Amino acid sequence: MGKESWVKAALVWAAIIVLFVLFFKFLYKPHEDVQKTYPQFQSYVEKQAGDPQSIVNVSIRSDNLRGDEITAKLKDNTSVTTYGPADDGVRAQLRKDLESKKIPINYEKPDEGSAWMNFISMWLPLIIIVVFMLLFLRNMQGAGGKAMSFGKSRAKLQSDGANKVTFKDVAGIEEVKQECTEIVAFLKDHKKFQEIGARIPKGVLMMGAPGTGKTLLARAIAGEAGVPFFTISGSDFVEMFVGVGASRVRDLFENAKKNSPCIIFIDEIDAVGRHRGAGVGGGHDEREQTLNQLLVEMDGFEANDAVIVIAATNRPDVLDPALLRPGRFDRRVMVGLPDVRGRKEILAVHMKKIRHTEDINVERIALGTPGFSGADLENLCNEAALMAARNGMKRVTEKDFESAKDKILMGPERRSAVLPKETIKVTAYHEAGHALVSHFLKSRENVHKITVIPRGQALGVTAYLPKEDVYGYSKEDLLTKIAFAMGGRAAEEIKFSQFTTGASNDIQQATELARRMVCQFGMSRLGPINFGQKNENPFLGRDWGESRNYSETLAHEIDMEVSKIINTQYELAKQVLVDHMDVFERVSNILLDVETLDSEEFLAVVNNGATSEQIKEIQAKKTLSGSEGGDNANKQEAQSNAINSLNTTPTPA
Ligand SMILES: Nc1ncnc2c1ncn2[C@@H]1O[C@H](COP(=O)(O)OP(=O)(O)OP(=O)(O)O)[C@@H](O)[C@H]1O
Ligand SMILES: [Zn+2]
């Protein structure tokens, strides 16, 4: 297909070039040329006055495009040709000139061929322009050299090649796999179902957060059933030019039917499948046409077309209801974030691909990564492997997984950034403030790591991880969240009686949360009423605009409630820090000294009064056992020994 289109394109271009050359070489006589040569001819005729017989005759062939072609035949059997402007005055003058010199004139009619040439030469520029425009449009269409594949489906056919995906590759979402086995059974033996008169499902909609393995699952279904797998992304349908999307859909289904039984996988179906007539910025005709075509095609399956359309989305709420009617995407599969067990299994799948030490405690990594999706876990494994390779290690250790997790959670370290001492000091107290408020208010998050080494955009980071998988929050949980978000600023006020811009992000997060408590969760004096219709992404937690459905008075009340929540929690955060001033000072100072504390070390400082020296000792032991890649039992023992020794010798700061 690619080759054919290249030949075609080359032919068209060659033809254009040939026409161009012809045009300039034989047909086109620029006006100036005529202007120049005609006076020359005239003066030549003048000069012949002395010997009028030197010109035998003159033939004039009138030709309205190029002017008159005037040929003078001379006595010595040569001839002179010029072109004269096709102008009646000039012609009359010339005739008078020639007649006065008694030179005979032949008027010749333009021959047939030249009339035809005239026609072409008149229209050629236009034709060339049109051809150019067409080519230009086509090139824009098929970006990337697909000049001639106008409206052809972009679906890629996945072959059942060496790296066939099966259910073995999909881990941690057992229930979802169960739901899919039926589809596999159908694809394998569709006759059995059809004979008994069962209507075969046409469409399966997979919903779930990004990276939870929807694509992987669809691929695995095809792999298990051993059928071809066509994949296309919803955004491929939506192109610049009207009609292309619809024709792509037609083409895709045509192709699939030829390969039945098979699977068509449409990723990001929300790109085409949004509510019709609810497009952003008015007329999204193109998208609607594409969607309509999709619906038509799905309705148009014959009973014996064993084609199953699997679509994936993380915005099921915006889909056009027509897509969800029976006979279309009537099967719906929720693909959720994995729980601890699921994460462990997914990690196992991806750790098989990297060379690692035997002693890695997968369970602990799984426990420490709540909220991670399958894709996040895959990324974690890869980052860990990169980390190990960069450090010249032969195998990936658990420590590499730790650093990889920190990088993913908090952004890459910027050790090279040189900050003023004062800034680092403020950062240390700020981060200690966050961590301690969270700790003393017994939030549902554990302090995972505190650092004053700049990471990503931040000068310092306090990272939290949920203590267990979280399925919902109580009002208390949310208030605590707001309090420890304000902990950083509270610390700055208590210690330095001043504020820095470092808290702006904290303030934003706290305010957003407080507003949602009032407007969405009904957790304020205003009662369980939804204020404003949030058009929010259920999986991404992102706002897509809000329309206000309450009065000015209420708007004021809402603002008052929000600010009350924030201020109360801010005061609470300050109170917590003042009540534990000694711990606050100690954590901050140790943080300044050792730069980073992990959860164990943090607890050692808070609960057991560990000193800088003792923390450094713990850290040194960890580094040692980590770099040795020694067996895990020893490592853990070493750590717990270090902590136990603290227990017996509590050191007040
Ligand atoms: N349950 C899982 N088991 C094993 N690997 C997984 C799982 N979920 C995700 N992954 C890994 O994450 C990668 C990305 O997942 P996939 O593309 O299927 O996610 P998705 O849900 O389609 O995401 P998106 O919504 O962003 O398209 C997969 O290639 C796979 O390596
Ligand atoms: Zn902060």
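Positions are given from 1 along the sequence. All values reported here derive from a predicted model rather than from experimental measurement. Every number for a ligand or one of its atoms is a count from 1 in the order of the listing.
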Legend entry - Test of proximity, Leu216 against ligand 1: N or O pairs below 3.5 Å: yes

Inset, instruction - Heavy-atom distances under 4.0 Å are what count here, so tell me which part of Leu217 touches ligand 1: side chain, backbone, both or neither. - result: neither

Inset, instruction - Please work out which of His350, Glu345, Lys353, Arg343 has its closest non-hydrogen atom nearest to atom 5 (N) of ligand 1. - result: His350

Legend entry - Qualifying residue, where the test is side-chain contact (heavy atoms from CB on, under 4.5 Å) with Ile232 and the options are Ile266, Val249, Asp267: Ile266

Inset, instruction - Specify whether an N/O/S atom of Asp506 falls short of 2.8 Å from the Zn ion (ligand 2). - result: yes

Legend entry - Between Tyr473 and Phe521, ring centroids under 6.0 Å: no

Legend entry - Atom CZ of Arg341 with >12 non-hydrogen neighbours under 6.0 angstrom: no

Inset, instruction - Name the closest protein heavy atom to atom 19 (O) of ligand 1, giving the residue it belongs to and the distance to 0.1 Å. - result: Gly213 N, 3.3 Å

Inset, instruction - Could you tell me whether Asp477 and Arg444 have a side-chain N and a carboxylate O separated by less than 4.0 Å? - result: yes

Legend entry - Of the listed options Glu174, Lys214, Lys168, Glu378, closest to atom 25 (O) of ligand 1 (non-hydrogen atoms): Lys214

Legend entry - Atom pair NZ (Lys475) and CE (Met517), whose distance is rounded to the nearest 0.5 Å: 6.0 Å

Inset, instruction - Give a yes or no on whether a salt bridge exists between Glu174 and Lys177, defined as a side-chain N under 4.0 angstrom from a carboxylate O. - result: yes

Legend entry - Proximal ligand 1 atoms for Pro210, defined as those under 4.0 Å from one of its heavy atoms: 23 (O), 25 (O), 26 (O)

Legend entry - Region of Thr212 that comes within reach of ligand 1 [heavy atoms, distance under 4.0 Å]: both

Inset, instruction - Report the member of Gly208, Cys381, Pro338, Gly374 with the shortest heavy-atom distance to atom 9 (C) of ligand 1. - result: Gly374

Inset, instruction - Mark the output for Ala312 as yes if a heavy-atom distance to ligand 1 is under 4.0 Å, and as no if none is. - result: no

Inset, instruction - Looking only at protein heavy atoms, identify the closest one to atom 22 (O) of ligand 1 and say how far it is in Å. - result: Thr215 OG1, 2.5 Å

Inset, instruction - Flag Ile173 as yes when one of its N or O atoms lies below 3.5 Å from any N or O atom of ligand 1, and as no otherwise. - result: no

Legend entry - Cation-pi geometry met for Arg489 and Tyr570 (6.0 Å, 45°): yes

Legend entry - Identity and distance of the protein heavy atom lying nearest atom 12 (O) of ligand 1: Ala375 CA, 3.2 Å

Inset, instruction - Given side chain to side chain contact (heavy atoms under 4.5 Å, CB included), test Gln498 with Glu492 step by step and report yes or no. - result: CA-CA 6 Å; Gln498 62 161 26; Glu492 288 180 34; 5.8 Å; no

Inset, instruction - Determine, for Arg515 against Asp559, whether the closest basic-nitrogen to carboxylate-oxygen distance falls under 4.0 angstrom. - result: yes

Legend entry - Charged N-O contact under 4.0 Å between Glu224 and Lys188: no

Legend entry - Of the listed options Val165, Val349, Asp169, closest to atom 4 (C) of ligand 1 (non-hydrogen atoms): Asp169

Inset, instruction - Identify, for atom 1 (N) of ligand 1, the protein heavy atom at the shortest distance, and state residue, atom and that distance. - result: Ala171 O, 2.8 Å

Inset, instruction - State, to 0.1 Å, how close Asp400 and Arg395 come at their nearest heavy-atom pair, and which atoms those are. - result: OD2-O, 4.1 Å

Inset, instruction - May I ask you to check if ligand 1 and Gly211 share an N or O to N or O distance below 3.5 Å? - result: yes

Inset, instruction - Could you tell me the angle subtended at the Zn ion (ligand 2) by NE2 of His430 and NE2 of His434, rounded to 10°? - result: 90°

Inset, instruction - Provide the number and element of each atom of ligand 1 under 4.0 Å from a heavy atom of Asn314. - result: 25 (O)

